[in-house]
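Here is the structure we will look at, set down as structure tokens.
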Amino acid sequence: MQKKIYVTGLDDDSIAAKVDAAVKVVAGVTNVVSAPAKCQVCVDFDEGAAGVEDAIKAAIGSTGVTVLG
């Protein structure tokens, strides 16, 4: 499943790289691409993995970026 997560605080490529690194280690995530210009993080993940969406949001938040919605 692919999901676009809208965020604030994704100001530049260095922060995007931190977000990508944090999300990639979440169990069930297969790909992640952060787009500072669009203020979004696109994540491909196995929706069958328990708690994966909450873990993704927590990983994003751990970098200082705020998940909207």
Exercise answer: donor-acceptor pairs, residues 47-69 side-chain atoms, under 3.5 Å, sequence neighbours excluded:
from, atom 1, to, atom 2, distance (Å)
E53, OE1, K3, NZ, 2.6
S62, OG, A59, O, 2.6
T63, OG1, I60, O, 2.6

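- I5 and M1 fall within a single hydrophobic cluster, where Ile, Leu, Val, Met, Phe, Trp and Tyr side chains are chained together by heavy-atom contacts under 4.5 Å.
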Taking distance alone, no hydrogens or angles, what donor-acceptor pairs closer than 3.5 Å link side-chain atoms of residues 13-31 to residues at least two apart or in another chain?
from, atom 1, to, atom 2, distance (Å)
S14, OG, D12, OD1, 2.6
D20, OD1, S34, N, 3.1
D20, OD1, S34, OG, 2.6
T30, OG1, D44, O, 3.2

